[in-house]
Amino acid sequence: MKEQVIQVRDRALAACQEADSVRELEDVRVRFLGKKGELTQILRGMGQLSPEERPVMGKLVNEVREEVERALAERGEILAEAELTRRLSAETLDLTLPGRRPQRGTVHPVNLILAELERVFVSMGFEVVEGPEVETDYYNFEALNVPPDHPARDMQDTFYLDGGFLLRSQTSPVQVRVMEKQAPPVRIICPGKVYRRDSDATHTPMFHQVEGLVVDKGVTLGDLKGTLMELSRVLYGDRKVRFRPSFFPFTEPSAEMDVACVVCEGTGCRVCKGSGWLEVLGCGMVHPKVFEMVGYDPDEVTGFAFGLGVERFAMTRYGIEDIRWLYENDLRFLRQFHGR
């Protein structure tokens with residue numbers, strides 16, 4: 001058996017030197033040291049030896065294994081270096097070739113319209129403020145005249161969290177937080193993400209809102225209408241706009257503002273549900289109970305508030321037929337806003 005071990009060693013060492021690639025060298029390793037390799041088979045046959053011969057042969061086999069492994073490692077380094085040299089020589093780089101101009105990205109249409117809305121309101125004297133997206137039930141509902149048993153809660157499917165928290169369904173809580181800390185006059189807009197259980201061609205579970213609030217002495221419904229008509233003039237030019245009565249628990253009276261559908265131009269389509277109009281915002285005069293919740297005297301001050309969906313404004317501003325296009329990351333769609 002000793003002679004057999006020596007012969008296996010000689011064949012293995014010779015095969016290592018004859019291997020011309022890393023792959024061939026791996027075949028040599030498997031042939032001699034693998035589970036069914038020649039040296040492994042010899043080890044399995046040592047049970048037939050006498051107790052005196054086993055230690056001697058075991059030591060010899062281990063020495064041969066170590067010698068073969070060293071030869072494999074040394075030959076592997078040589079072959080790997082040679083292969084790297086061949087690749088480097090084959091992949092010559094021509095530094096005189098002209099470079100490739102990288103493609104420029106575009107500003108997302110939601111960010112475009114959000115920046116435009118902020119510019120319009122800032123030009124009218126509004127201040128931009130932000131607040132937390134995870135809110136308490138008090139700020140999201142109760143402080144806005146929506147107690148736990150109020151039917152208006154059915155108007156919004158809210159994402160509730162553990163510990164009495166929720167994902168805000170509107171940015172109105174920011175208005176409450178500002179009024180708690182600041183005495184009138186107040187003139188703010190509150191942009192940010194809001195969350196509701198809703199998803200179709202004109203709604204998404206997460207969307208952006210810009211809510212506005214003006215509080216001072218002598219603020220009227222005419223001031224509200226004048227502010228929103230100026231917004232419409234800047235964004236839509238002479239596109240038709242209408243106000244219609246509505247209901248919101250935190251404003252009284254309340255209204256909704258619609259613009260003529262940008263897809264069908266008022267003739268009726270899937271986007272406007274055949275009405276020819278698209279609702280873009282809700283508004284109204286701040287309810288006296290909201291003022292009482294924040295410590296304002298409703299006999300001394302009045303105010304108006306409005307809330308608009310940024311995605312809806314993006315749709316009407318850029319003629320987008322499906323709100324879901326804004327979040328599908330289709331480059332063909334996004335590249336249309338290059339340079340805006």
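Nearest heavy atom pair, residue F306 against residue C283, reads CB-CB, 3.7 Å. Residues Y318 and E116 share a closest heavy-atom pair of OH-OE1, 4.0 Å. Contact between V176 and A143 at its shortest, heavy atoms only, is CG1-CB, 3.7 Å. For the residue pair A19 and R75, the shortest heavy atom distance occurs at O-NH2, 2.8 Å. In terms of heavy atoms, V310 sits closest to V110 at CG1-O, 3.8 Å. The minimum heavy-atom distance linking C16 with V28 is given by the pair SG-CG1, 4.0 Å.
Under the 4.5 Å side-chain heavy-atom criterion for Ile, Leu, Val, Met, Phe, Trp and Tyr, I189 and L224 are members of the same hydrophobic cluster. Under a hydrophobic-cluster definition in which Ile, Leu, Val, Met, Phe, Trp and Tyr are linked whenever side-chain heavy atoms come within less than 4.5 Å, directly or via other members, I113 and V241 are assigned to the same cluster. By the rule that hydrophobic residues join a cluster once side-chain heavy atoms approach within less than 4.5 Å of another member, V194 and F159 end up as members of separate clusters. When the side chains of ILVMFWY residues are joined at heavy-atom separations under 4.5 Å, either directly or via intervening members, V210 and Y195 end up in a single hydrophobic cluster. L13 and V30 are not part of a single hydrophobic cluster, where members link through side-chain heavy atoms under 4.5 Å apart.
Between L213 and M179 there is a side-chain heavy-atom pair separated by less than 4.5 Å. The closest side-chain heavy-atom distance from P249 to F141 is not below 4.5 Å. The closest side-chain heavy-atom distance from Q175 to V178 is not below 4.5 Å. Looking at heavy atoms from C-beta onward, M206 lies in side-chain contact with Y327 at the 4.5 angstrom threshold. Counting only heavy atoms from C-beta outward, the side chains of N140 and L144 never approach each other to under 4.5 Å. Using a 4.5 Å cut-off on side-chain heavy atoms (C-beta onward), L231 and F313 make contact. Two residues are said to be in side-chain contact when any heavy atoms from C-beta on lie closer than 4.5 Å; L79 and E24 fail this criterion. Using a 4.5 Å heavy-atom threshold, the side chains of C190 and V129 count as touching.
The backbone N or O of Y138 lies less than 3.5 Å from no partner atom in the side chain of E135, so there is not a single donor-acceptor pair. Proximity of a side-chain donor or acceptor of R312 to a complementary backbone N or O of V280 within less than 3.5 Å is not detected.
Listed by first and then second residue, the side chain to side chain donor-acceptor pair (under 3.5 Å) pairs that reach into residues 242-252 are R242-D258, R244-E256, R244-D258, S246-E256, T251-S254, sequence neighbours excluded. Sequence neighbours left out, not one pair with a member in residues 284-308 passes side chain to side chain donor-acceptor pair (under 3.5 Å). Within the structure, side chain to side chain donor-acceptor pair (under 3.5 Å) contacts touching residues 222-232 (residues at least two apart or in different chains) are T220-D223, E230-R233. Among pairs with a residue in residues 206-230, none fulfils ring pair (Phe, Tyr, Trp, His ring centres under 6.0 Å), at least two apart in sequence or across chains.
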Would V219 and V286 count as a side chain to side chain contact (heavy atoms under 4.5 Å, CB included) here? Give the steps. CA-CA 10 Å; V219 176; V286 180; over 6 Å; no
Step by step, would you call V134 with L166 a side chain to side chain contact (heavy atoms under 4.5 Å, CB included)? CA-CA 6 Å; V134 177; L166 51 83; over 6 Å; no
Are R168 and Y139 close enough, and set up right, to give a side chain to side chain contact (heavy atoms under 4.5 Å, CB included), and what steps lead you there? CA-CA 9 Å; R168 66 183 182 188; Y139 283 108; over 6 Å; no
Verdict with reasoning, L278 to M315, per side chain to side chain contact (heavy atoms under 4.5 Å, CB included): CA-CA 10 Å; L278 287 175; M315 292 179 67; 5.7 Å; no
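Of the charged side-chain nitrogens involved, none lies within less than 4.0 Å of a carboxylate oxygen, so that E180 and R177 do not count as a salt-bridged pair.
Atom OG1 of T106 sits about 8.5 Å away from atom CZ of R335, to the nearest 0.5 Å. In this structure, CD in E279 is found 11.0 Å from CG in L308, a value given to the nearest 0.5 Å. H108 NE2 to L326 CG: the interatomic distance, rounded to the nearest 0.5 Å, is 5.5 Å. With rounding to the nearest 0.5 angstrom, the CD atom of E311 is 9.0 Å from the CG atom of L114. Interatomic distance, SG of C261 versus CZ of R239, reported as 8.0 Å (0.5 Å rounding). With rounding to the nearest 0.5 angstrom, the CG atom of L281 is 10.5 Å from the CD atom of E211.
Counting non-hydrogen atoms of other residues, nucleotides and ligands closer than 6.0 Å to CZ of F165 gives a total of 12 or fewer. In E81, the CD atom is not crowded: 12 or fewer heavy atoms of neighbouring residues, nucleotides or ligands sit closer than 6.0 Å. Heavy atoms from other residues, nucleotides or ligands lying under 6.0 Å from CG of D330 number more than 12.
Here F304 pairs with nothing under the ring pair (Phe, Tyr, Trp, His ring centres under 6.0 Å) rule; sequence neighbours left out. Partners of F126 according to the ring pair (Phe, Tyr, Trp, His ring centres under 6.0 Å) rule, which considers only residues two or more places apart in sequence or in another chain, are F121.
Using a 30° and 60° split on the angle between ring planes, F333 and F337 fall in the perpendicular class, above 60°.
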